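What follows is a set of notes on a single structure, which appears directly below.
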Amino acid sequence: MESFSQQGIDSRAMFAAFMRNLPMLLVLAAAGAILGSGLNVFLVLLQSRDTVFVSETEYYIEFAPGRYEVRDYYNDFTWNDVLATDLILGRAMELLGDQYERTQVKDSITADILSDVRYLTITVRSKTFEEAEAIKNALQTALEEFGAKKKEFESIEKIEDLEIVQEKRQYFAWRAAVLGAVVLLCIGVFEIAFRICAGSAFYTKQEIVKTFGIPVYGMTFKENANRDSFLQKQYKMLEQNLKLLNQNGTKIYLLDASEGACAEAFLKNITSQTKIKTSFFKKYDRGQELSGATFLAVIPFGKTYREKITDEMEYVKLHGATVRGAVLVEADNIWQRIYYACYTWNKKEVNES
C-alpha cells in the first residue's frame with residue numbers, strides 16, 4: 001500500500017471535478033462581477049458626497065534644437081515629479097498666495113502624457129470652481145516660465161483649455177466587475193483543486209484502493225438506475241462483487257464514520273437497486289464484540305472522510321476485526337461519466353427520456 005504522499009494526483013479526477021463544477025464556477029464569476037460592481041458603486045456614492053470640479057489644460061512642449069534626446073526622460077512619472085518641485089509648484093504657490101496649502105495643491109494636480117511626449121495634459125481637481133481656476137492659472141504661468149528657463153526646452157505653451165466642469169461619477173466600472181469575477185473564480189478553482197489535492201475526499205474506487213490497500217466492491221449512486229445503462233452496469237458489478245463476501249454465510253458489518261447514516265443509506269440503496277439479500281449485512285454497534293468480525297467500510301463520495309474512516313478502521317483492526325473491503329456510496333452520475341469517458345446514453349435511454 002502506498003502512503004498518501006506517494007500516490008500523486010489523479011489528473012482525470014481533477015478534470016472531472018472542474019467539469020462537474022463548471023456551472024458553479026460560472027455562478028461564482030457572475031456573483032463576483034456583481035459584488036465588484038456593487039462595491040464600486042458604494043465607493044463612488046461615498047465619494048460623491050463631496051463635489052469635485054475638474055480642469056484639463058493641454059500644453060505643447062517645443063524641445064530645443066539638438067536636445068531631442070531629452071524626450072525619452074519626460075514621461076508621466078517625470079512630469080508628476082517635476083510639477084512638485086519648487087521650479088513649478090513653488091512658483092505657483094507664490095502666485096496663489098498664503099490662503100493655499102502646498103500639500104493640498106500638490107495633491108490636486110496630475111500630469112499625463114497620452115501618446116506624444118510633446119503634448120502634456122495637466123488635470124486639476126478641486127472642491128470649488130474658483131479654486132480649480134486659480135490653481136490652473138498659477139500652474140500655467142509657472143510652466144511657461146519653466147519652459148523659458150530650462151535650456152532643453154524652446155518653450156511650453158498652452159494649446160487647449162477645456163471648460164471647468166463638475167466631475168461625473170462613473171457608477172459602473174468594467175475593471176471592478178472583472179476583478180470581482182476573477183477573485184471569486186480563483187477562490188472556487190482553488191477550493192476544488194485543494195479538495196482533490198488534499199485527498200481527504202474520495203471520488204473514485206481506485207483512490208480508496210491506493211489509500212487503504214483494500215479492494216473496493218463497487219459504488220452506489222444518488223440517481224435512480226432504471227433507465228441508465230451506465231448505472232445499471234455499475235450496480236451489476238456491485239451485486240456480483242458483494243456475493244463474494246457472503247460465500248461462507250459470514251455476517252458483514254458495515255463500518256462508517258457518520259454514526260451509521262452512510263451504512264443505512266447504503267442498505268436502502270442496494271435494496272431498491274439490486275437483488276442482493278441484505279440480511280447478512282449488519283450495522284456496526286460500537287459495543288459489540290469485535291474479535292474475528294468482518295467489516296465492509298462505507299465511504300461517501302466527495303466528502304471529507306479519509307481521516308475519519310481511517311480512525312474507525314484502525315480501531316476495529318486493533319480489536320481483532322478484519323476490514324475486507326469498501327464501497328463508495330452516493331456517487332455523482334455525471335461526475336463518474338466524465339471520469340470514465342462515458343458521455344452518451346444509449347438509444348433506448350434517449351427514446352424513453
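Values in this document were obtained by computation on a predicted structure and should not be read as measured data. For the numbers below, each heavy atom of this structure counts, side chains included, while hydrogens, waters and symmetry mates do not.
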Do the rings of [X] and [Y] sit parallel, tilted or perpendicular, given the 30° and 60° boundaries?
| X | Y | result |
| --- | --- | --- |
| Y315 | H319 | tilted |
| F53 | F129 | perpendicular |
| F202 | F212 | tilted |

Got a sec, which residues hit side-chain hydrogen bond (donor to acceptor under 3.5 Å, both in side chains) with E307, two or more places apart in sequence or on another chain?
->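 With sequence neighbours excluded, E307 shows a side-chain hydrogen bond (donor to acceptor under 3.5 Å, both in side chains) to S200, given in chain and number order.
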Straight-line distance of [X] [atom1] to [Y] [atom2], nearest 0.5 Å:
| X | Y | atom1 | atom2 | answer |
| --- | --- | --- | --- | --- |
| R125 | I164 | CZ | CD1 | 13.0 Å |
| S126 | K136 | OG | NZ | 12.5 Å |
| R306 | D311 | CZ | CG | 12.5 Å |
| T310 | E312 | OG1 | CD | 10.0 Å |
| W335 | Y340 | CH2 | OH | 8.5 Å |
| R12 | I338 | CZ | CD1 | 9.5 Å |

Do [X] and [Y] have side-chain heavy atoms sitting under 4.5 Å apart?
| X | Y | result |
| --- | --- | --- |
| V216 | Q206 | no |
| F63 | R118 | yes |
| L242 | L296 | yes |
| L162 | S55 | no |
| Y235 | F221 | yes |
| V54 | T123 | yes |
| Y59 | E157 | no |
| M219 | V329 | no |

Shared ILVMFWY cluster between [X] and [Y], side chains joined below 4.5 angstrom?
| X | Y | value |
| --- | --- | --- |
| L87 | F153 | yes |
| Y305 | I192 | yes |
| F280 | F266 | yes |
| V124 | Y119 | no |
| L83 | F146 | yes |

Which atoms form the tightest heavy-atom contact between [X] and [Y], and what is the distance?
| X | Y | answer |
| --- | --- | --- |
| A134 | Y100 | CB-OH, 3.5 Å |
| R324 | L244 | NH2-O, 4.4 Å |
| I156 | E144 | O-CG, 3.3 Å |
| E131 | T128 | CB-OG1, 3.0 Å |
| A92 | L139 | CB-CD2, 4.2 Å |
| V105 | M93 | CG2-SD, 3.8 Å |

For side-chain contact (heavy atoms from CB on, under 4.5 Å), just list the numbers for V327 and T220, CA-CA rounded to whole Å, side-chain angles, deciding distance to a tenth of an Å, and then say yes or no.
-> CA-CA 8 Å; V327 286; T220 65; over 6 Å; no
Compute whether any side-chain donor of one residue and acceptor of the other, for [X] and [Y], lie under 3.5 angstrom apart.
| X | Y | value |
| --- | --- | --- |
| Q140 | E145 | no |
| D332 | Y339 | no |
| E239 | T274 | no |

Would L120 and I113 satisfy side-chain contact (heavy atoms from CB on, under 4.5 Å), going step by step from the backbone distance to the final call?
-> CA-CA 5 Å; L120 172 66; I113 298 290; 3.9 Å; yes
Without swapping roles, check the side chain of [X] against the backbone of [Y] for a donor-acceptor pair under 3.5 Å.
| X | Y | value |
| --- | --- | --- |
| N241 | M237 | yes |
| D161 | E58 | no |
| S37 | I34 | no |
| T85 | V82 | yes |
| D256 | C262 | yes |
| T141 | N137 | yes |
| N269 | A265 | no |

Pairwise salt bridge (Lys or Arg N to Asp or Glu O under 4.0 Å) hits with a residue in residues 92-113, at least two apart | D86-R102, R91-E94
Salt bridge check: are E264 and K283 linked by an N-O gap of less than 4.0 Å?
-> yes
Would you sort out whether T57 and T121 count as a side-chain contact (heavy atoms from CB on, under 4.5 Å), showing the intermediate values?
-> CA-CA 6 Å; T57 307; T121 300; over 6 Å; no
Centroid-centroid distance, F295 to Y284, less than 6.0 Å =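 That pair passes the under 6.0 Å test.
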Worked verdict on Q336 versus Q234 for side-chain contact (heavy atoms from CB on, under 4.5 Å) | CA-CA 10 Å; Q336 296 296 337; Q234 292 297 323; over 6 Å; no
Heavy atoms of other groups near E259 CD, more than 12 under 6.0 Å | no
